[in-house]
Protein chains: 2
Amino acid sequence: MENKVKNYADEEHCPVRNVLDRFGDKWSMLVLMLLSDMDVLRFNEIHKYIGTISQKMLTVTLKKLEADGLVERKAYPEIPPRVEYSLTKRAKTLMPIIQDLAQWANKNMADIQDSRRSVV
Amino acid sequence: MENKVKNYADEEHCPVRNVLDRFGDKWSMLVLMLLSDMDVLRFNEIHKYIGTISQKMLTVTLKKLEADGLVERKAYPEIPPRVEYSLTKRAKTLMPIIQDLAQWANKNMADIQDSRRSVV
DNA sequence: CGGCATCCTTCGTGATACTG
DNA sequence: CAGTATCACGAAGGATGCCG
């Protein structure tokens, strides 16, 4: 019935790619972890926490995360404007996995850097 | 002692970025999952399984993974040449996390795509 | 067979200036 | 304050051809 050689490039077989396409970029993961720690933050607060991100990239990143239902955006119609960001429930189910990934990274980073040097 | 505002961009706080910088690219994850399924594969076998990857990118991806100690490369001095790739122990400790990520992706992908459409 | 070298295109990212 | 708009650049990725 089934072909022996499945196509590993399609999304059917590799949903991970679907996920990574969304927060595998330079900043998304960082924003998620930050919001996970701090619960609610305003635009400029995030900007200050992540010192090196540009305003543009923060905007783009937040928009993407909001579109994917991972971040909630709450704008208050005040002058000056105030906008608060927080994680959605969906994002919160993802965070434990991110934490596992972080732990693995912590444990293995040193060894990996050794690998790169020794050029086995 | 500590500054209230930590820098979330440094590796100390975000080892995930270190990991993602390594296999967060377009193909690494795919190669890891494929090798996890198939145990041992030759260069052209991987190439066929992942139909859409270019030869160049497969080479680059495998080299990166090898350098990080995630993939083992075994070359047989024959004519024509034969090279076999497999996961290292280190990579095998990572795979469960990847699997979790894959499961999460499977469960949530549909909802996420709905989110993108409804533009909440 | 399993690469490497080169060229070329596209995308992500950054810098800067402007706005409601 | 919280963005948007525009320009510019570098890196990632693809196409093609050559080699041991």
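Being a predicted model, the structure only gives us computed values, none of them experimental. Letters A, B, ... are given to chains in the order of the sequence lines, protein chains preceding strands, and every chain is numbered from 1.
- The separation between L58(A) atom CG and dC1(D) atom C1' is 13 Å, rounded to whole Å.
- Classified by interplanar angle (parallel below 30°, tilted 30° to 60°, perpendicular above 60°), the ring pair W104(A)/F23(B) is perpendicular.
- Spacing between atom CE of M57(B) and atom P of dC4(C) amounts to 13 Å, rounded to whole angstrom units.
- Side chains of L70(B) and L87(B) form no contact here, defined as non-hydrogen atoms less than 4.5 Å apart.
- In this structure, CD1 of I50(A) is placed 13 Å from P of dT13(C), rounded to the nearest angstrom.
- Sorted by first then second residue, the salt bridge (Lys or Arg N to Asp or Glu O under 4.0 Å) pairs that include residues 85-109 of chain B, not counting sequence neighbours, number zero.
- Taking atom CG of L20(A) as the reference point, atom P of dG12(C) lies 14 Å away to the nearest angstrom.
- Side-chain contact between T88(A) and L65(A) is absent, with no heavy atoms from C-beta onward closer than 4.5 Å.
- Atom-to-atom, NZ of K64(A) to C1' of dC11(C) comes out at 12 Å; the value is rounded to the nearest Å.
- Put simply, the side chain of S28(B) reaches to within 4.5 Å of the side chain of T61(B), judged on heavy atoms.
- Under the 4.5 Å side-chain criterion, counting only non-hydrogen atoms from C-beta, M109(A) is in contact with Q113(A).
- A 4.5 Å side-chain heavy-atom check between V31(B) and Y85(B) finds every atom pair outside the cut-off.
- Between dC11(C) and K26(B), no contact under 4.0 Å exists linking OP1 or OP2 to a side-chain N or O.
- Between L30(B) atom CG and dG13(D) atom C1' there is a gap of 15 Å when expressed in whole angstrom units.
- Under the 4.5 Å side-chain criterion, counting only non-hydrogen atoms from C-beta, H47(A) is in contact with N44(A).
- Note on the helix from dC1(C)-dG20(D) to dG20(C)-dC1(D): terminal axis deviation equals 50°, with five pairs used at each end and the result rounded to 10°.
- Between the CG atom of D25(B) and the P atom of dT10(C) there is a distance of 21 Å, rounded to whole Å.
- With values rounded to the nearest 0.5 angstrom, E84(A) atom CD is found 10.0 Å from E72(A) atom CD.
- One interatomic measurement links the two molecules: CD1 of I53(A) to P of dA15(C), which rounds to 12 Å at whole-angstrom precision.
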Please produce a list of atom pairs where a protein N or O lies less than 3.5 Å from an N or O of nucleotides 2-6 of chain D.
from   : atom 1 : to     : atom 2 : distance (Å)
dA2(D) : OP1    : R42(A) : NE     : 2.8
dA2(D) : OP1    : R42(A) : NH2    : 3.0
dA2(D) : OP1    : V83(A) : N      : 3.3
dA2(D) : OP2    : N44(A) : N      : 3.1
dG3(D) : OP1    : R73(A) : NE     : 3.4
dG3(D) : OP1    : R73(A) : NH2    : 2.4
dG3(D) : OP2    : Y85(A) : OH     : 2.5
dG3(D) : N7     : Q55(A) : OE1    : 3.2
dG3(D) : N7     : Q55(A) : NE2    : 3.0
dG3(D) : O6     : Q55(A) : OE1    : 3.3
dT4(D) : OP1    : K63(A) : NZ     : 2.9

